Amino acid sequence: MFASVQVGRQSLRRPWLPQWSRLVRGRKIQAVQRRGKWIVIQLDGPFLVIHLGMTGQLTVASAQQPTSDHTHLIFHLAASDQQLRFRDVRRFGSATCYADQQALDVFFESSGLGPEPFAMEGKYWRACLAKTQRCLKAILLDQRVVAGVGNIYADESLFEARLHPERLGSQLTAREAGSLHKAIVRVLNHAIEKRGSSIRDYIGGSGLKGEFQDEFRVYGRTDEPCLRCRKAIVRIVLAGRSTHFCPRCQK
DNA sequence: ACAGGATCCTGGGGGC
DNA sequence: TGCCCCCAGGATCCTG
């Protein structure tokens with residue numbers, strides 16, 4: 001149960017509002033869910049919704065454990081020396097609160113967040129690809145098309161599906177669309193098994209690093225040999241993001 | 001509608 | 001040691 005909320009001096013992109021501290025006080029955590037890149041902590045009534053941005057960390061720690069710099073929110077837990085901490089060096093992340101299920105639904109609907117890749121229908125996916133002239137990389141990063149795919153997993157999925165990131169969505173055959181969808185699901189499941197990717201900042205709830213960074217096949221492997229054909233991995237910029245691919249394997 | 005760029009932030013690493 | 005530049009798991013806004 002939340003006892004109180006301690007707010008840091010610096011503000012996040014969307015500041016934590018004082019009424020949210022009152023809203024969560026005395027509430028118990030019922031469940032922790034996820035929707036796209038949003039962590040949804042269901043309390044008995046309100047919902048605490050967290051986005052880690054680039055450098056966010058959500059951890060549970062003992063109150064005795066020193067708090068590092070850039071810790072913006074500390075949720076003190078009642079009758080316990082444990083606390084839920086939100087730390088974010090670059091402050092691109094956010095923590096917000098919604099009073100009830102309806103308010104939460106309104107938030108996700110208004111944001112236009114796309115379906116979970118695991119539950120996405122092939123027909124919907126093919127329609128999204130068909131109606132756009134954008135390149136595959138830009139489509140994968142668009143949270144309104146499919147939720148939860150970020151820069152690493154976009155590159156890894158395209159490699160898995162052997163598709164060039166600059167290919168246009170409208171050019172894909174139904175077969176290619178299907179293999180890209182399958183690749184996204186496979187890559188994300190693999191990354192989840194490995195508890196995500198820790199490049200420098202990321203740690204999971206228990207403070208442990210992820211291990212998927214050791215499994216990258218293209219991301220961050222510029223000039224290194226492709227693990228399938230030995231050709232050097234290339235880095236380009238697409239949709240404003242660094243993009244890695246094998247120029248021989250990915251067509 | 002979409003591409004491309006700037007912006008919000010802090011910090012690490014490389015070159016000089 | 002310092003300075004400057006580029007880079008980074010993301011999203012949003014603006015212009016053309």
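Note that the structure is a prediction, hence the values are computed from the model and not measured. What you see below is based on every heavy atom in this structure, not just the backbone, and it leaves out hydrogens, waters and symmetry mates. All chains are named by letter (A, B, ...) in the order of the sequence lines, taking the proteins before the strands, and each is independently numbered beginning at 1.
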Side chains of residues 206-215 of chain A: which donor-acceptor pairs under 3.5 Å do they make with residues two or more places apart or in other chains?
{"unit_1": "Gln213(A)", "atom_1": "OE1", "unit_2": "Ser198(A)", "atom_2": "N", "d": "2.8"}
{"unit_1": "Gln213(A)", "atom_1": "NE2", "unit_2": "Gly210(A)", "atom_2": "O", "d": "2.8"}
{"unit_1": "Glu215(A)", "atom_1": "OE1", "unit_2": "His190(A)", "atom_2": "NE2", "d": "3.0"}

Between CG of Asp105(A) and CG of Asp100(A), what distance do you get to the nearest 0.5 Å?
9.0 Å
Are any non-hydrogen side-chain atoms of Thr96(A) and Phe47(A) less than 4.5 angstrom apart?
no
Is any side-chain heavy atom of Ser94(A) closer than 4.5 Å to a side-chain heavy atom of Trp16(A)?
no
Just to be sure I understand the rule, does Asp88(A) reach a base, reach only the sugar-phosphate, or reach nothing, if contact means heavy atoms closer than 4.0 Å?
nothing
Can you list, in residue-number order, the parts of residues 5-19 of chain A that come under 4.0 Å of DNA chain B, counting heavy atoms only?
Gln10(A), Arg13(A)
To the nearest 0.5 Å, what is the distance between OG (Ser111(A)) and CH2 (Trp38(A))?
7.5 Å
For a side chain to side chain contact (heavy atoms under 4.5 Å, CB included) check, start with the C-alpha distance between Val5(A) and Leu73(A), then their side-chain angles and the critical distance, and finish with the verdict.
CA-CA 7 Å; Val5(A) 184; Leu73(A) 291 169; 4.2 Å; yes
Where does dG11(B) land, syn or anti, given syn is within 90° of 0?
anti
Taking atom types as modelled, is there a side-chain donor on Asp81(A) or Gln64(A) under 3.5 Å from an acceptor on the other?
yes
Side chain to side chain donor-acceptor pair (under 3.5 Å) involving Arg134(A) - partner list, sequence neighbours excluded:
Asp142(A)
Atom-to-atom span, CZ of Arg241(A) to C1' of dC6(C) - whole angstrom
15 Å
Side-chain atoms of residues 113-121 of chain A: list all donor-acceptor pairs with protein atoms under 3.5 Å, sequence neighbours left out, distances to 0.1 Å.
{"unit_1": "Glu116(A)", "atom_1": "OE1", "unit_2": "Arg34(A)", "atom_2": "NH1", "d": "2.9"}
{"unit_1": "Glu116(A)", "atom_1": "OE1", "unit_2": "Arg34(A)", "atom_2": "NH2", "d": "2.9"}
{"unit_1": "Glu116(A)", "atom_1": "OE2", "unit_2": "Arg35(A)", "atom_2": "NH1", "d": "2.9"}
{"unit_1": "Glu116(A)", "atom_1": "OE2", "unit_2": "Gly36(A)", "atom_2": "N", "d": "2.7"}

Given atom CZ of Phe92(A) and atom P of dA8(C), what is their separation to the nearest angstrom?
13 Å
Let's go through Glu176(A) and Leu180(A) carefully: what are the C-alpha distance in whole Å and the side-chain angles of both, what is the deciding distance for side chain to side chain contact (heavy atoms under 4.5 Å, CB included) to 0.1 Å, and is it a yes or a no?
CA-CA 6 Å; Glu176(A) 287 172 325; Leu180(A) 180 53; over 6 Å; no
Mind listing the residues from residues 155-166 of chain A sitting with a heavy atom below 4.0 Å of DNA chain C? Number order is fine.
none
When rounded to whole Å, the CZ to C1' distance for the pair Arg90(A) and dG9(C) reads 10 Å
For DNA chain B, what residues of residues 105-114 of chain A have any heavy atom nearer than 4.0 Å?
none
Are OP1 or OP2 of dG9(C) and a side-chain N or O of Thr55(A) less than 4.0 angstrom apart?
no
First contact, last contact: which nucleotides of DNA chain B are these for chain A, 5' to 3', heavy-atom distance under 4.0 Å?
dC2(B) to dG11(B)
Enumerate the residues from residues 186-200 of chain A whose closest heavy atom to DNA chain C is under 4.0 Å, giving them by residue number; use none for an empty result.
Ser197(A), Ile199(A), Arg200(A)
For Lys182(A), is there an ion pair with Glu160(A) - N to carboxylate O distance below 4.0 angstrom?
no
With a 4.0 Å cut-off on N to O distance, would you call Asp155(A) and Lys137(A) a salt bridge?
yes
When the P atoms of dT1(C) and dT10(B) are compared, how many Å lie between them, rounded to an integer?
23 Å
Yes or no on side chain to side chain contact (heavy atoms under 4.5 Å, CB included) for Leu163(A) and Leu172(A), after CA distance, side-chain angles and deciding distance?
CA-CA 9 Å; Leu163(A) 289 167; Leu172(A) 285 206; 4.1 Å; yes
Can the ring centroids of His76(A) and Phe2(A) be said to lie less than 6.0 angstrom from one another?
no
Quick one: closest heavy-atom pair of Leu141(A) and Gly150(A), and the distance?
CD2-C, 3.5 Å
Can you give the dot-bracket line for DNA chain B, where a pair is Watson-Crick or G-U wobble with both atom distances under 3.5 Å, crossing pairs use [ ], and | marks a partner on another strand?
.|||||||.|||||||
Parallel, tilted or perpendicular for Trp125(A) and His181(A), by the 30°/60° rule?
tilted
Which sits closer to the 5' end of DNA chain B, His70(A) or Gly240(A), going by the nucleotide each is nearest to?
Gly240(A)
Which residues within residues 135-151 of chain A lie with some heavy atom under 4.0 Å of an atom in DNA chain C?
Gln143(A), Gly150(A), Asn151(A)
Protein-nucleotides 14-16 of chain C N/O pairs under 3.5 Å:
none

May I ask you to check whether Trp20(A) and Phe75(A) place their ring centres under 6.0 Å from each other?
no
Tell me, do Thr71(A) and Phe86(A) make a side-chain contact under 4.5 Å, heavy atoms counted?
no
Would you mind writing out the side-chain donor-acceptor pairs for residues 222-237 of chain A within the sub-3.5 Å range, not counting sequence neighbours?
{"unit_1": "Glu224(A)", "atom_1": "OE1", "unit_2": "Arg221(A)", "atom_2": "NE", "d": "3.2"}
{"unit_1": "Arg228(A)", "atom_1": "NH1", "unit_2": "Phe159(A)", "atom_2": "O", "d": "3.4"}
{"unit_1": "Arg228(A)", "atom_1": "NH2", "unit_2": "Phe159(A)", "atom_2": "O", "d": "2.7"}

